[in-house]
Asker: 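Quick one: the structure is below, questions incoming.
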Amino acid sequence: MIKRLNESKATVMQATPATWRLLLEVGWTGSSGLRMFCGGEALPRKLANELIEFGELWNMYGPTETTIWSATSRVSPGDGPVTIGPPIHNTRFYVLDGKLQPMPTGVPGELHIGGDGVAKGYFRNAPLTADRFIPDPFSKQPADRLYKTGDLVRYRPMVIWNSSGAWTIK
């Protein structure tokens, strides 16, 4: 398998963290200029730091109910958790409590996803659809819905640079 992978001269490869870990365990050493996409489950920091040595690493987040990728972020070496990054174009993230109220920065809540990629629901499963796909209380479009991911997340403070070179934490 490693031989075939190396001979392919692939420049982009997508896999789950479990698959990346298996590749490393069997002696895979990456390839020059490889862009790695990682998704499907949480990306552990230790694994991320190992993969970054072989090329460019991107963390991809998104449930199937929202067209697979809802957020992407390039991963840098470090010690802290690997974050999911901001939502992609035409996608909105909300961190909400059980009453659908927004949570402040740093306070955990359930991630809700809105936007163009949200599915209409589950095939022939109206009860589950009604539970997970809810009207979007933040949209002016009555047909817009949010997908309740079940994932517990929190907004992290952001550093924003302005035109004078100063920064603020949002």
Side-chain angles (χ1 to χ4, degrees), residues 1-96 98 103 105-125 127-129 131-134 145-158:
M1 177 176 167
I2 297 297
K3 181 180 177 191
R4 181 178 290 165
L5 184 57
N6 290 337
E7 289 172 353
S8 76
K9 299 194 185 327
T11 57
V12 176
M13 189 169 142
Q14 178 179 341
T16 63
T19 302
W20 289 115
R21 170 60 47 218
L22 286 172
L23 284 170
L24 293 174
E25 287 174 0
V26 297
W28 177 72
T29 57
S31 62
S32 178
L34 182 63
R35 181 175 290 162
M36 298 166 283
F37 294 159
C38 190
E41 58 196 56
L43 175 58
R45 170 50 68 185
K46 183 176 186 282
L47 176 60
N49 287 343
E50 290 176 56
L51 291 171
I52 289 169
E53 293 180 21
F54 301 129
E56 187 177 308
L57 178 63
W58 289 79
N59 190 33
M60 318 306 272
Y61 168 83
T64 302
E65 293 86 349
T66 64
T67 66
I68 313 294
W69 291 352
S70 297
T72 64
S73 64
R74 186 164 180 186
V75 181
S76 299
D79 296 321
V82 177
T83 61
I84 64 172
I88 62 172
H89 188 66
N90 292 330
T91 301
R92 297 180 307 280
F93 283 177
Y94 301 98
V95 180
L96 306 175
M103 303 304 292
T105 298
V107 178
E110 183 179 0
L111 178 61
H112 292 65
I113 302 175
D116 293 343
V118 175
K120 295 186 185 311
Y122 296 108
F123 183 67
R124 294 186 181 167
N125 194 335
L128 187 57
T129 294
D131 181 57
R132 305 305 289 187
F133 295 87
I134 62 172
R145 295 188 300 166
L146 295 178
Y147 172 66
K148 296 169 55 175
T149 68
D151 292 335
L152 189 63
V153 300
R154 64 186 167 94
Y155 286 116
R156 297 172 59 107
M158 289 180 18

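FYI, the numbering just counts along the sequence from 1.
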Asker: How many angstroms lie between NZ in K9 and CG in L34, if you round to the nearest 0.5 Å?
Answerer: 13.0 Å
Asker: If the condition is side chain to side chain donor-acceptor pair (under 3.5 Å), which residues does R21 pass it with, not counting sequence neighbours?
Answerer: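 Partners of R21 by the side chain to side chain donor-acceptor pair (under 3.5 Å) criterion, ordered by chain and then number, come out as E50.
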Asker: Would you call V118 and T91 a side-chain contact if the rule is heavy atoms closer than 4.5 Å?
Answerer: no
Asker: For residues 54-66, run the donor-acceptor check on the side chains, cut-off 3.5 Å, and write out each pair with its distance to 0.1 Å, sequence neighbours left out.
Answerer:
residue: E56; atom: OE2; partner: R35; partner atom: NE; Å: 2.9
residue: E56; atom: OE2; partner: W58; partner atom: NE1; Å: 2.5
residue: N59; atom: ND2; partner: T83; partner atom: O; Å: 3.1
residue: Y61; atom: OH; partner: D151; partner atom: OD2; Å: 2.5
residue: E65; atom: OE1; partner: Y147; partner atom: OH; Å: 3.4
residue: E65; atom: OE2; partner: Y122; partner atom: OH; Å: 2.6
residue: E65; atom: OE2; partner: Y147; partner atom: OH; Å: 3.3
residue: T66; atom: OG1; partner: P63; partner atom: O; Å: 3.1
residue: T66; atom: OG1; partner: S70; partner atom: OG; Å: 2.6

Asker: Could you check whether any side-chain heavy atom of L24 comes within less than 4.5 Å of a side-chain heavy atom of L47, counting everything from C-beta outward?
Answerer: yes
Asker: Are the side chains of R156 and P81 in contact, using a 4.5 Å heavy-atom criterion?
Answerer: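 Counting from C-beta outward, P81 and R156 do come under 4.5 Å.
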Asker: Nearest 0.5 angstrom please: T129 OG1 to R145 CZ, how far?
Answerer: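 T129 OG1 to R145 CZ: 7.0 Å, rounded to 0.5 Å.
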Asker: Would you give the length of the straight line joining atom CD1 of I88 to atom OG1 of T67, rounded to the nearest 0.5 angstrom?
Answerer: 5.5 Å
Asker: With side chains defined as the heavy atoms from C-beta onward, is the minimum distance between L96 and L146 less than 4.5 Å?
Answerer: yes
Asker: Please report the shortest heavy-atom distance between W20 and M36, naming the atom on each side.
Answerer: CH2-CG, 3.4 Å
Asker: How far apart are the closest heavy atoms of A71 and P86, and which atoms are they?
Answerer: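 What the structure gives for the nearest pair is CB-O, 3.2 Å.
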Asker: Given side chains that start at C-beta, do those of T29 and E53 come closer than 4.5 Å, heavy atoms only?
Answerer: no
Asker: At what distance, to the nearest 0.5 angstrom, does CG of L111 lie from CE of M103?
Answerer: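 Answer for the CG-CE pair, L111 versus M103, is 13.0 Å.
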